[in-house]
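Naming convention: chains lettered A, B, ... in sequence-line order (proteins, then strands); numbering from 1 in each chain. Reckoned from all heavy atoms, side chains included, excluding hydrogens, waters and symmetry mates.
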Amino acid sequence: MTSGYDNIPFFDEDPQLGAKPAAPAKPSGGIGIAARAMAARDAQRAPDYLSGLNPEQREAVETVDGPVLVLAGAGTGKTRVLTTRIAHILATGRAFPSQLLAVTFTNKAAREMKERIGLLVGGAVEGMPWLGTFHSIGVKLLRRHAELVGLRSDFSILDTDDVVRLIKQILQAESIDDKRWPAKQFAGMIDGWKNKGLDPAQIPEGDARAFANGKGRELYVAYQNRLKTLNACDFGDLLLHPIRMFRANPDVLAEYHQKFRYILVDEYQDTNTAQYMWLRLLAQRPKGTPQNVCCVGDDDQSIYGWRGAEVDNILRFEKDFPGAKVIKLERNYRSTAHILGAAGHLIAHNEDRLGKTLFTDRHDPDDDKVIVHAAWDSEEEARAVGEEIEQLQRKEHKLNDMAILVRASFQMREFEDRFVTLGVNYRVIGGPRFYERLEIRDAMAYLRLVSQPADDLAFERIVNTPKRGLGDTTIRNLHDYARARDIPMLAAAADIIETDELKPKARKALFDVVTDFRRWQSLLETTPHTELAEQILDESGYTAMWQADKSAEAPGRLENLKELIRSMDAFESLRGFLDHVSLVMDVEQNAELDAVSIMTLHSAKGLEFETVFLPGWEEGLFPHQRALDEGGRSGLEEERRLAYVGITRAKRRCHIWFVSNRRIHGLWQSTLPSRFLDELPEGHVEVAEVEQSYGGYGRGGGYGQSRFDKQEPFQNAYSTPGWRRAQANRTDATRDNWGSRSGHAVERIGYGESGPRSKTIDGELVAKSTMSEPSKFSVGDRVFHMKFGNGNVAAIEGNKLTIDFDRAGQKRVLDGFVNKV
DNA sequence: GTCGTGAGCCTTTTT
DNA sequence: GGCTCACGAC
């Protein structure tokens, strides 16, 4: 892309740290933003890129000096403001691209910002080295100053999987029963501490005591020591090490104060304490120095509380940066009035919010209301959504304009299955990750070890893959040898093969491994990294291993390995590639393909689609039971914000679904409609009539076979619209707790039926309610189940029955859902 | 040391 | 229902 920006000197690095940019050269007829901007400035009128901004947006763009907090509601042009602001800073010559620090929360956001800035300013974005996620910027800082925190600059970055394996080793070494004290749990605890910015010495006594009989703190210390020996960081360290470094080295911090003239932070509501500390170190300057920091966020879209995000950060901004200007963006450009009305009404049920109200000028009587649909089970839900998508397709709507946003990833599968059957293109965003595949992780371990010989985790992963006859015994020997001498295992291997500690067979195998790695390391500088990677996979026998594998997935794995090599091309070095993989776990999707997007609500933040499908609005799933159990009221509010995010992704059409039956952990469970449905305003919402075909009530053909809707007792309770009844069943207690709390009006959708509500399931998944009682069934009983029909009880475990159904085969179900016949 | 089987586990969201 | 891990057999 060429643009008039080529006229302005940009540098990958500062010409000299902290230098003031020279006045931009006069444009010489370029057509880019900058040229136009300067031409415009000369002409004493606003540059083009500012036109089309509303007054608030424009203020947010032009208030470049001093601290600014932009509260930007969904669809109010937040990204546009951020990118235009950057363009403005550059165009007016206030800073070089390399003097801007622009931080986002996710890779996707970073990528998008890069793209959009690219569109605005052309190639100049290449010169913005400090645009990225907190973590990627952390890596960049650490690579430069690793020695200040006791690392070498070639340190490895461990992902969650590595961390768990490492902790497992530590627990084993300490003889802690990792059944009772799972490594995964401890990994979670450490992550939590790090999100709060806590060193081992600072963690609360209670936390320290809560793991492995009070060994929490000790283990945390041991873990950090191991990381240091491995010359490795976990995700949390990517934030904490820079903080430590800045605190311990004020001179270095001062350097970066000089360097970063303007700081921008996106999705500020999602920052956790560690990120907040990081940011404050960089942004808070001595009195009298300019603090040009701009944070953009929306408290209503804070959905990462479970990861330690502190909405308070956003509320505290004005205190942290006195004199800050606060700008609210409330004019929505994305959605119809119905969609905004529904979302706004829903989110108003939250107490903890700064309070923004989105509005739009758009009032088209033809706009659809938000439509709520009921389905019998998740299979039917997928089928019905599929049908609607096909209908839209027939009306020439593009699949790219449609998205299915789910609460939890297990919901995706059913839609995928359905789309495969229908032949509808789809793409899963953030789904199973390329880099988490076994063969990719193995290949990466080879590359990591070549690049960083102290990476014992990588060593252990591949030392016997492919099989070389180096089993547990040899590895343990080697491990002990290495620990005793405090050297990496690869080095230990090199030593031990000089001795006769190992059996000849193992010794020879290990000798080959060591020789291979020596050779590859010697090629690191001279051989292009793609070539080297290929060579490594071939010479190690790893490729051959899969070629020899006759299983069904082997060809796919080989294909993935090729893809891995191909993807390395885009990076200039092995190091750069490895960093990318650790931080950006996903892989670019094919944008050409017209396909429906399937993703979680979390990964949908920041995106928009003409039509949005929101399946699975059921108690227990959405709001998620765990969020309620662990988060209480604030957990519920976060779930509600998630719902708000979901609805506000839609530009024109928003379809919400819930089902009466869902299979969870392989058990069929009856579910209640989400309380969030109750919180939608009648005026903007329409309840879809349940069509005959959906329930299999009329048509019978096709999939009707396993429906048992003709059974009288259940026909009444669950017949269309199924949730009418379920609504009525919601207990008073539930309503008092959630519905009418704090005097909010509770709207129910549609029908006047609000009569006597029987105490039944009370919003909980029913699994719990019958747990303690002895089963009223016995083996051999003839029973009837709503979904599967008649059958005989084959086994009983608590409230779970194994039943041989006449037509559906053997299933496990909860006893609450079968009746004796 | 390697391979196959069975039991027991877990399943929110992400850098 | 699917996956991992541990154990036992070869």
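Regarding A:Leu238, its CG atom lies at a distance of 14 Å from the C1' atom of B:dT14, rounded to whole Å. Taking atom NZ of residue A:Lys467 and atom P of nucleotide B:dG1, one finds them 12 Å apart after rounding to whole Å. We find that CG of A:Asp161 is positioned 12 Å from C1' of C:dT4, with the value rounded to whole Å. One interatomic measurement links the two molecules: CD of A:Glu267 to P of B:dT14, which rounds to 14 Å at whole-angstrom precision. The distance between atom CZ of A:Arg468 and atom P of B:dT2, rounded to the nearest whole Å, is 11 Å. Counting to the nearest Å, the P atom of C:dT4 and the CZ atom of A:Arg441 are 11 Å from each other. In this structure, CZ of A:Phe134 is placed 18 Å from P of B:dT14, rounded to the nearest angstrom. The nearest whole Å value for the distance from the CG atom in A:Asp266 to the C1' atom in B:dT15 is 15 Å.
Here A:Arg413 pairs with nothing under the salt bridge (charged side-chain N to carboxylate O under 4.0 Å, His left out) rule; sequence neighbours left out.
Residue A:Thr473 is classed as a sugar-phosphate contact, given heavy-atom separations below 4.0 Å to backbone atoms only.
Nearest-nucleotide positions on DNA chain B for A:Ala506 and A:Asp191 put A:Ala506 closer to the 5' end. Two residues, A:Lys505 and A:Thr106, neighbour DNA chain B, and the one matched to the more 5' nucleotide by heavy-atom proximity is A:Lys505.
Phosphate proximity of B:dT15 to A:Ser582: absent, as no side-chain N or O sits under 4.0 Å from OP1 or OP2. Between A:Lys168 and C:dC5 there is a side-chain N or O to OP1 or OP2 distance below 4.0 Å. In this structure, A:Asn195 does not reach the B:dT15 phosphate: none of its side-chain N or O atoms is under 4.0 Å from OP1 or OP2.
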Quick test: give all pairs of protein nitrogen or oxygen and nucleotides 6-13 of chain B nitrogen or oxygen below 3.5 Å, distance rounded to 0.1 Å.
unit_1, atom_1, unit_2, atom_2, d
B:dT11, N3, A:His665, ND1, 3.1
B:dT11, O4, A:His665, ND1, 3.1
B:dT12, OP1, A:Arg626, NH1, 3.2
B:dT12, OP2, A:Arg626, NH1, 3.0
B:dT12, O2, A:Arg407, NH1, 2.7
B:dT12, O2, A:Arg407, NH2, 2.2
B:dT13, OP1, A:Ser409, N, 3.1
B:dT13, OP1, A:Ser409, OG, 2.0
B:dT13, O2, A:Trp306, NE1, 3.1
B:dT13, O2, A:His602, NE2, 3.2

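Atoms CG and CG, on A:Leu240 and A:Asp199 in that order, are 6.5 Å from each other to the nearest 0.5 Å.
With respect to the salt-bridge test (charged N to carboxylate O, under 4.0 angstrom), the residues A:Asp162 and A:Arg448 qualify. With respect to the salt-bridge test (charged N to carboxylate O, under 4.0 angstrom), the residues A:Lys508 and A:Asp512 qualify. A:Glu267 and A:Lys605 are joined by a salt bridge, as a carboxylate oxygen and a charged side-chain nitrogen come within less than 4.0 angstrom of each other.
You'll find the ring centres of A:Trp657 and A:Phe613 outside the 6.0 Å limit.
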Which atom pairs, one a donor and one an acceptor, fall under 3.5 Å between side chains of residues 181-197 of chain A and the rest of the protein, sequence neighbours left out?
unit_1, atom_1, unit_2, atom_2, d
A:Trp193, NE1, A:Asp207, OD2, 2.8
A:Lys194, NZ, A:Gln224, OE1, 2.6
A:Lys194, NZ, A:Asp234, OD1, 3.0
A:Lys194, NZ, A:Asp234, OD2, 2.6
A:Lys194, NZ, A:Asp237, OD1, 2.9
A:Lys194, NZ, A:Asp237, OD2, 3.4
A:Asn195, OD1, A:Asn272, ND2, 3.2
A:Asn195, ND2, A:Asp191, O, 3.4
A:Asn195, ND2, A:Arg307, O, 2.9

